[in-house]
Structure formats: C-alpha cells, structure tokens
Number of protein chains: 2
Amino acid sequence: MNYKESHNLILNNIARFIDLTELEKQKYISLLTEIKVEKKDFLLQAGEITKYEYFITKGCLKVYTLDDEGTPHISMFAIEDYWTGDLSSFMTKEPSRYYIKATEHSELLGISRTNYDILFQEIPKFERFYRILYQKSLISYIRRSNHGISLTAEERYIEFKKKYPQIVNRITQKDLAGYIGITPEFMSKIITKVNRM
Amino acid sequence: MNYKESHNLILNNIARFIDLTELEKQKYISLLTEIKVEKKDFLLQAGEITKYEYFITKGCLKVYTLDDEGTPHISMFAIEDYWTGDLSSFMTKEPSRYYIKATEHSELLGISRTNYDILFQEIPKFERFYRILYQKSLISYIRRSNHGISLTAEERYIEFKKKYPQIVNRITQKDLAGYIGITPEFMSKIITKVNRM
DNA sequence: GAAAAAAAATGAACTAGTTTAAGACTTTTA
DNA sequence: TAAAAGTCTTAAACTAGTTCATTTTTTTTC
C-alpha cells in the first residue's frame with residue numbers, strides 16, 4: 001500500500017526494530033494524530049498533563065524546564081525522525097515540569113495515552129519496539145548524565161557538535177548554552193575559542 | 001512452589017510489571033547465574049565485554065568510569081532489589097568503559113546475553129517487563145542529566161539524600177562526591193554546611 | 001525595508017568548585 | 001593490636017564558569 005510521506009517515515013522508523021504486516025501498519029496509523037505547530041508555538045507547557053508522545057516528521061523542537069530564576073535548561077532537541085515528549089507526565093498522568101516549543105514550523109505524529117495502551121493490547125509486538133527504543137535512549141542518557149558531571153563545558157560542546165552535526169546549525173547559540181548547561185555569554189566564548197583552534 | 005530467598009526477590013521484582021505462570025518462573029530462573037563478590041572485587045573492568053546484566057540480591061556496588069586524570073565518575077550505586085550492568089556493552093558486545101566494583105560483600109543474579117535473547121523468544125512477556133523497566137530508568141536518567149547541568153552541587157546532594165536515604169549511609173563521602181560530580185574536599189564542605197543548617 | 005526585538009560578542013568583577021598540602025581520624029590488614 | 005592505608009577536614013591559592021553592563025549583529029515583524 002501507498003502511505004503519505006509522514007506515515008512512511010514513522011513506519012520506517014519502526015521497521016528498524018520490528019516487522020509489521022500491512023494490516024498492523026494500517027491499524028497503527030489509525031491510532032496516530034497529526035499535529036502541526038508554528039515556530040514559537042508550545043506543544044506542552046509546565047503544569048499541563050501531556051496528552052501525547054510525539055514523532056517529528058518535519059521541523060525542530062526544544063524540550064526544557066525553567067528553574068526558579070526562570071533560566072531554561074534544555075533536555076533535548078528533536079528533529080525529523082526523532083521521538084519526543086514528557087514520558088514521565090505521559091505515564092503518570094501528572095502535570096509536567098517541561099515545556100516543548102517549536103524552534104521551526106514543525107509537523108508531528110502524536111499517540112495519545114489511550115491509544116498507546118490499545119497499541120500494546122492489539123499489537124503486542126510494540127512492547128518489543130518500545131523496549132528497544134527505550135533501551136537505546138537509556139544508554140544515551142546514562143552517558144549524558146555522566147558527561148554532565150565529568151566533562152568541562154568545552155568538552156561537552158565539542159561532543160555535541162560531533163554527535164549532532166545536523167542539529168548544531170539549526171539552533172541558536174543561546175539554546176545550545178541551555179543544553180550544555182552554561183550561560184549564553186560563556187557559550188559565546190567557548191565557540192570563539194574552539195573555532196580559533 | 002518454594003523458591004530460595006534470592007529467587008523470591010527477583011520474582012517479586014518482576015511481578016511488579018508482569019505475571020508469570022509457575023512454569024515460566026522456573027524457566028526464567030533456569031536462565032540465571034548466581035554470582036558472589038567480596039568487597040573491592042570487580043564485576044566488570046573497562047576494556048572487558050560485559051557478560052551479564054545483574055540483579056542485586058544482597059550488598060552494594062558502584063558503577064563508574066575513570067577520566068583521563070584517573071578521577072572516578074560514579075554513574076550509579078546499586079543495592080538489593082536494583083538492576084545494574086553496562087547496558088551499552090551488553091547490547092553491542094563492544095568493550096565497556098565502565099568499572100563495577102562491590103563496596104560490600106554482594107550477591108547477584110546475572111543473565112547472560114545469550115539467555116537474555118532466549119528469554120524474549122521463550123517468554124515474550126519479558127519484552128513488556130523490560131519495556132517498563134527501561135521506561136522507568138529512562139525517566140529518572142532524563143531527570144538526572146537535567147539536574148546535573150541545572151542544579152548546584154549542594155542542591156544535588158540534598159536531592160540525593162532525599163531520594164536515596166537507604167544508600168547515603170552505606171557509601172563513603174568520597175564515592176558520593178564521585179556521584180555528585182565534585183571533589184571529596186568540596187563534598188566535605190557541603191556536608192558540614194548542610195548539617196549546620 | 002525600517003523599526004523593533006532578539007541574539008551574539010566583549011570585558012570587568014565576582015563565585016562555585018578545584019587544587020594542593022598537611023594533619024586528624026577511621027578502617028583494614030598482618 | 002600495631003602499622004599501614006585510606007578517608008575526612010581545613011585552609012589558602014587558583015580556575016572554570018557566572019553576572020552584569022554595553023555594543024554590535026542578526027532576525028523578526030509590520
């Protein structure tokens with residue numbers, strides 16, 4: 001069968017870990033919601049309960065918290081072919097502490113909590129898909145939390161550039177500072193220094 | 001059926017997320033290896049390929065990397081009823097960058113990579129178990145990696161004490177410093193200060 | 001395409017956390 | 001149970017990163 005581009009993208013993403021029959025593909029797609037957001041729009045704001053887990057088919061978003069001083073701390077950037085959301089609020093149905101904001105016009109596919117539960121009942125293979133997906137995310141967050149406490153800001157910047165070359169040019173230096181965990185001023189100094197090397 | 005204490009502990013841990021039949025329980029247990037380590041023994045050293053994922057039935061261990069200067073950065077402490085290991089090396093079969101060392105006499109149940117794969121074939125329900133286990137770990141590592149860059153060392157210490165009161169009294173201040181991401185000297189100052197408050 | 005708003009650069013004064021060193025205390029080992 | 005090894009404390013000098021303030025550059029908006 002012929003699917004639209006965004007559906008092809010998500011089906012290919014899933015095909016990395018599990019094989020679905022035509023019927024399963026159609027069933028899966030029927031559980032998704034299409035969402036479009038303009039640059040600067042929020043997909044989620046602190047205090048709200050997350051309705052969806054998201055797959056990005058187009059665009060770029062940032063996931064962040066605000067501390068007591070109102071300084072943003074960016075937890076991830078998500079672009080095409082990435083999954084994002086607030087897994088904690090999605091699972092517990094408690095208010096989120098995160099903001100998710102589009103840094104470009106973005107298009108997403110969302111799965112609601114209800115449909116997420118239905119998915120596992122109807123196509124148990126998805127337990128495997130999410131098992132592998134979470135396992136891979138876990139490995140990279142374990143590494144990130146280690147690097148956050150063991151590397152200098154400069155080392156974290158060099159590592160980010162190496163790991164996410166597609167992202168580094170799409171975001172502002174200010175947002176990158178919020179991800180690295182430093183002030184925009186110090187980020188500016190590091191970039192000047194590293195480019196000089 | 002009657003199981004030994006360590007097997008009861010692991011079966012109860014699993015029963016949080018999935019129900020197993022008697023037969024499945026016995027099958028599962030047959031896939032585990034019992035491991036005992038003395039204080040200061042290594043379960044894993046950097047450069048080795050991890051053989052097992054571990055469930056701790058008794059004792060306490062630390063998981064850490066060494067940086068270029070030989071300074072340890074502790075990624076987690078694991079006590080009774082916790083899972084640990086190097087998931088990255090376990091999955092990719094590449095050499096680990098981690099050390100796992102017992103800080104007390106410890107007893108563990110290990111599952112080998114071969115048996116881990118068999119487990120999913122024979123009892124597919126375990127995909128669900130690991131999906132939920134990894135999901136929960138992921139949520140806490142996402143939070144940790146955020147706090148690592150957004151909180152001060154003092155705030156991270158207070159948070160650790162609140163979150164893991166059972167662990168804080170079992171480990172040295174030096175190891176706690178390695179987890180918080182600061183020097184033992186500064187850890188000492190923080191503890192003096194916080195206790196004075 | 002001009003005006004406004006936001007991002008980036010630069011520099012000086014500051015602070016959280018490091019380094020080095022030395023002495024006191026505690027645990028391990030023979 | 002004494003000696004050795006490791007841990008904890010304290011303090012002074014230092015450095016990575018912050019804060020605040022100002023100017024320049026880029027992006028957004030009408």
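Throughout, protein chains are lettered first and strands after them, A, B, ... in sequence-line order, and every chain is numbered starting at 1.
- For DNA chain C, no neighbouring residue in residues 97-106 of chain A is found when judged by any heavy atom under 4.0 Å.
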Side-chain donor-acceptor pairs of residues 68-76 of chain B under 3.5 Å, sequence neighbours excluded:
unit_1, atom_1, unit_2, atom_2, d
B/H73, NE2, B/D67, OD2, 2.8

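- Checked by atom type, the side-chain pair B/S188/B/E185 shows no donor-acceptor distance below 3.5 Å.
- A ring-centre distance under 6.0 Å is found for B/F90 and B/Y116.
- Looking only at distances, a side-chain donor or acceptor of A/R16 sits under 3.5 Å from a matching main-chain atom of A/N13.
- In this structure, A/Y157 atom OH and D/dG17 atom C1' are separated by 17 Å, rounded to whole Å.
- Listed by residue number, the members of residues 171-190 of chain B with any heavy atom below 4.0 angstrom from DNA chain C are B/G181, B/I182, B/T183, B/E185, B/F186, B/K189.
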I'd like a table of atom pairs between the protein and nucleotides 22-24 of chain D - only N or O on both sides, under 3.5 Å - with the distance next to each one.
none

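- Salt bridge status for A/E34 with A/K4: present, with a side-chain N to carboxylate O gap under 4.0 Å.
- To the nearest 0.5 angstrom, B/K174 atom NZ is 12.0 Å from B/T183 atom OG1.
- Side-chain N or O atoms of A/D86 include none that pairs as donor or acceptor with a backbone N or O of A/S96 at under 3.5 Å.
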What protein N or O atoms touch nucleotides 25-30 of chain D N or O atoms at under 3.5 angstrom, if any, and at what distances?
unit_1, atom_1, unit_2, atom_2, d
D/dT28, OP1, A/K39, NZ, 2.3

Write down the protein N/O and nucleotide N/O pairs, taken from nucleotides 3-5 of chain C, whose separation is under 3.5 Å; answer none if there are no such pairs.
none

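- Counting only residues at least two apart or on different chains, the side-chain hydrogen bond (donor to acceptor under 3.5 Å, both in side chains) pairs with a member in residues 39-61 of chain A are A/T50-A/S89.
- Under the ring-ring contact (aromatic ring centres under 6.0 Å, His included) criterion, the residue pairs touching residues 2-24 of chain B are B/F17-B/F129, with sequence neighbours excluded.
- Taking atom CD of residue B/E38 and atom C1' of nucleotide C/dT28, one finds them 14 Å apart after rounding to whole Å.
- As rounded to whole Å, 10 Å separates atom P of D/dT18 from atom NE2 of A/H73.
- With respect to A/E80 and A/R170, a salt bridge is recorded, a charged nitrogen being found less than 4.0 Å from a carboxylate O.
- The side chain to side chain contact (heavy atoms under 4.5 Å, CB included) check on B/T114 picks up B/S112, B/I118, with sequence neighbours excluded.
- The side chain to side chain contact (heavy atoms under 4.5 Å, CB included) check on B/E94 picks up B/T92, with sequence neighbours excluded.
- Below 30°, between 30° and 60°, or above 60°: for B/Y64 and B/Y99 the angle between ring planes is below 30°, a parallel geometry.
- A search for ring-ring contact (aromatic ring centres under 6.0 Å, His included) contacts involving A/Y164 returns A/F160, not counting sequence neighbours.
- A donor-acceptor contact closer than 3.5 angstrom is absent between the side chains of A/T103 and A/D175.
- Ring to ring, A/F120 and A/Y130 are close: their centroids are under 6.0 angstrom apart.
- Regarding B/K62, its NZ atom lies at a distance of 12 Å from the C1' atom of D/dT7, rounded to whole Å.
- As rounded to whole Å, 13 Å separates atom C1' of C/dT18 from atom CG of B/D67.
- In this structure, the helix from C/dG1-D/dC30 to C/dA30-D/dT1 shows an angle of 70° between the axis at its start and the axis at its end, each fitted on 5 base pairs and rounded to 10°.
- Cation-pi contact between B/R131 and A/F126: absent, since separation from the ring centre below 6.0 Å together with deviation from the ring axis within 45° is not met.
- How far CG of A/L44 is from CD1 of A/I100: 4.5 Å, rounded to the nearest 0.5 Å.
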